[in-house]
Amino acid sequence: MIFILSTMTSVYEGLICELKIKMKTKNIKFNKVFSLINNEKYDKIIEIIHDETSETLIENIFAEREKICNNMEKKLNDLLWLNDRLIQFGEEPQSSKTKALKLLKTKVFINIYDLEAEKYERRPTKKLLIKELRKNPDRRFPLCSAKENTTLRCFLIKL
């Protein structure tokens, strides 16, 4: 387990890996638990796992997501950072934050966790991103968090 966590590139991925291992040892379906996490159904999660260490792990996942949300909000409100990312993804820099966010939404398809962790090489096409998000619920950013934050709305896509 130490090897797995040491090769992770983000805290979030490490927490997800730990949760997958815990759920596997308890013979609980990870996707089911993570669907409940994404929908913030705390009571149902507790009913399923019955384990304080797993509950703490899930709380840490929520806390890490909140950090990611706040960090991305700051970055997405910075026109210089946005234009640097657009240039990096082969797009033209924009004169306003609104234009830059619109271009990011329509031309650049990247998972919010990869963007936050600066894993720009993991940028797929829209079709591949949708496929990845359908298969891996842990790669989906919570809808309620994205809706609450106007700058994160640019990452909302229909699955």
Enquirer: Side-chain heavy atoms nearer than 4.5 Å, only ILVMFWY residues, links allowed to pass through others: does that put Leu101 and Leu79 together?
Expert: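 No; tracing contacts between hydrophobic side chains, which count when under 4.5 Å, never links both residues.
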Enquirer: Tell me whether Asn60 contacts the main-chain N or O of Leu15 through its side chain, where contact means a donor paired with an acceptor under 3.5 Å.
Expert: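 Not a single qualifying donor-acceptor pair exists.
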Enquirer: Using atom types as modelled and distance alone, determine if a side-chain donor or acceptor of Asn71 lies under 3.5 Å from a backbone N or O of Lys67.
Expert: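 Absent.
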Enquirer: What's the spacing between Lys119 NZ and Ser10 OG if we round to 0.5 Å?
Expert: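 Those atoms lie 5.0 Å apart.
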Enquirer: Is any side-chain heavy atom of Leu76 less than 4.5 Å from a side-chain heavy atom of Leu104?
Expert: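 Yes, at least one pair of side-chain atoms sits under 4.5 Å.
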Enquirer: Could you tell me whether a side-chain N or O of Asn39 sits under 3.5 Å from a main-chain N or O of Lys41, the two making a donor and an acceptor?
Expert: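 No, the answer is negative, given that no donor and acceptor are paired below the 3.5 Å cut-off.
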Enquirer: Got a sec, which residues hit side-chain hydrogen bond (donor to acceptor under 3.5 Å, both in side chains) with Asp51, two or more places apart in sequence or on another chain?
Expert: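 If we apply the side-chain hydrogen bond (donor to acceptor under 3.5 Å, both in side chains) test to Asp51, skipping adjacent residues, the hits are Thr53, Ser54.
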Enquirer: Working to the nearest 0.5 Å, report the span between NZ of Lys24 and CD1 of Ile21.
Expert: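 Spacing of NZ (Lys24) from CD1 (Ile21) equals 9.0 Å.
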Enquirer: Applying side chain to side chain contact (heavy atoms under 4.5 Å, CB included) between Val108 and each of Leu103, Leu86, Leu115, report the one that passes.
Expert: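 Considering Leu103, Leu86, Leu115, a side chain to side chain contact (heavy atoms under 4.5 Å, CB included) with Val108 is found only for Leu86.
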Enquirer: Determine the minimum heavy-atom distance between Asp78 and Leu80, stating which atoms define it.
Expert: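 What the structure gives for the nearest pair is OD1-N, 3.1 Å.
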Enquirer: Taking all heavy atoms of Asn38 and all of Pro137, pick out the closest pair and write down the distance.
Expert: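 Distance-wise, the nearest heavy atoms are ND2-O, 3.1 Å.
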Enquirer: Tell me every residue that passes salt bridge (Lys or Arg N to Asp or Glu O under 4.0 Å) with Arg85, counting only those two or more places apart in sequence or in another chain.
Expert: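 Result, salt bridge (Lys or Arg N to Asp or Glu O under 4.0 Å) vs Arg85: none returned.
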Enquirer: Could you grab the distance from atom CG of Leu36 to atom CD of Glu47, nearest 0.5 Å is fine?
Expert: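 If we round to the nearest 0.5 Å, Leu36:CG and Glu47:CD are 9.5 Å apart.
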Enquirer: Name all pairs fulfilling the salt bridge (Lys or Arg N to Asp or Glu O under 4.0 Å) condition that reach into residues 87-112, sequence neighbours left out, sorted by first residue then second.
Expert: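 Salt bridge (Lys or Arg N to Asp or Glu O under 4.0 Å) check on residues 87-112 returns no pairs.
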Enquirer: Measuring from atom CG of Leu152 to atom CD1 of Ile112, what distance do you get when rounded to the nearest 0.5 angstrom?
Expert: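 Result: 4.5 Å between the selected atoms.
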Enquirer: Minimum heavy-atom separation for Lys75 and Leu82, please, with both atom names.
Expert: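 Minimum heavy-atom contact is O-CG, 4.3 Å.
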Enquirer: Nearest 0.5 Å please: distance from the CG atom of Asn136 over to the CZ atom of Phe34.
Expert: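 Here the rounded value is 10.5 Å.
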Enquirer: Can you tell me how far the CD atom of Glu116 sits from the CZ atom of Arg65, to the nearest 0.5 Å?
Expert: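 It is 13.0 Å, given to the nearest 0.5 Å.
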Enquirer: Less than 4.5 Å apart, any side-chain heavy atom of Glu73 and any of Asn77?
Expert: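 Side chain of Glu73 against side chain of Asn77, heavy atoms only: contact under 4.5 Å found.
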Enquirer: Taking side-chain hydrogen bond (donor to acceptor under 3.5 Å, both in side chains) as the definition, give me every residue that meets it alongside Thr98, ordered by chain and number, with sequence neighbours left out.
Expert: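 With neighbours one apart ignored, the set is empty.
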Enquirer: Specify the closest pair of heavy atoms between Asn111 and Arg139, including all atoms of both residues, with the distance to one decimal.
Expert: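 It is ND2-O, 2.8 Å.
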Enquirer: Which pairs pass ring pair (Phe, Tyr, Trp, His ring centres under 6.0 Å) with one or both residues in residues 76-107, sequence neighbours excluded?
Expert: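 Counting only pairs at least two positions apart or across chains, the ring pair (Phe, Tyr, Trp, His ring centres under 6.0 Å) contacts touching residues 76-107 are Phe89-Tyr120.
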Enquirer: Looking only at heavy atoms, which two atoms of Ile16 and Phe30 are closest? And how far apart?
Expert: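 Distance-wise, the nearest heavy atoms are CG2-CZ, 3.9 Å.
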Enquirer: Report the residues that fulfil salt bridge (Lys or Arg N to Asp or Glu O under 4.0 Å) with Glu40, sequence neighbours left out, ordered by chain and then residue number.
Expert: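 With sequence neighbours excluded, Glu40 shows a salt bridge (Lys or Arg N to Asp or Glu O under 4.0 Å) to no residue whatsoever.
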Enquirer: Find out whether Val33 and Lys22 are in side-chain contact, i.e. whether some heavy atom of one side chain is under 4.5 Å from a heavy atom of the other.
Expert: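 The answer is no; the side chains never approach within 4.5 Å.
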Enquirer: So does Ile49 get a backbone contact from the side chain of Lys26, meaning a donor-acceptor N/O pair under 3.5 Å?
Expert: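 Judged by distance alone, yes, a pair lies under 3.5 Å.
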Enquirer: Is there a donor-acceptor contact under 3.5 Å from the side chain of Arg140 to the main chain of Arg134?
Expert: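 Between the backbone of Arg134 and the side chain of Arg140 there is a qualifying donor-acceptor contact (under 3.5 Å).
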Enquirer: Verify the cluster assignment for Ile87 and Phe109: are they in a single hydrophobic cluster under the rule of side-chain heavy atoms below 4.5 Å apart?
Expert: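 Ile87 and Phe109: separate clusters.
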Enquirer: Using the rule that two of Ile, Leu, Val, Met, Phe, Trp, Tyr join whenever any of their side-chain heavy atoms come within less than 4.5 Å, decide whether Phe62 and Leu57 are in one cluster.
Expert: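 They do share one cluster, since a chain of ILVMFWY contacts under 4.5 Å joins Phe62 to Leu57.
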Enquirer: Check whether any side-chain N or O of Ser35 sits under 3.5 Å from a backbone N or O of Asn31 as a donor-acceptor pair, and report yes or no.
Expert: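 No.
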Enquirer: For Glu52, is the CD atom crowded, meaning more than 12 foreign heavy atoms sit under 6.0 Å from it?
Expert: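 Incorrect, the count does not exceed 12.
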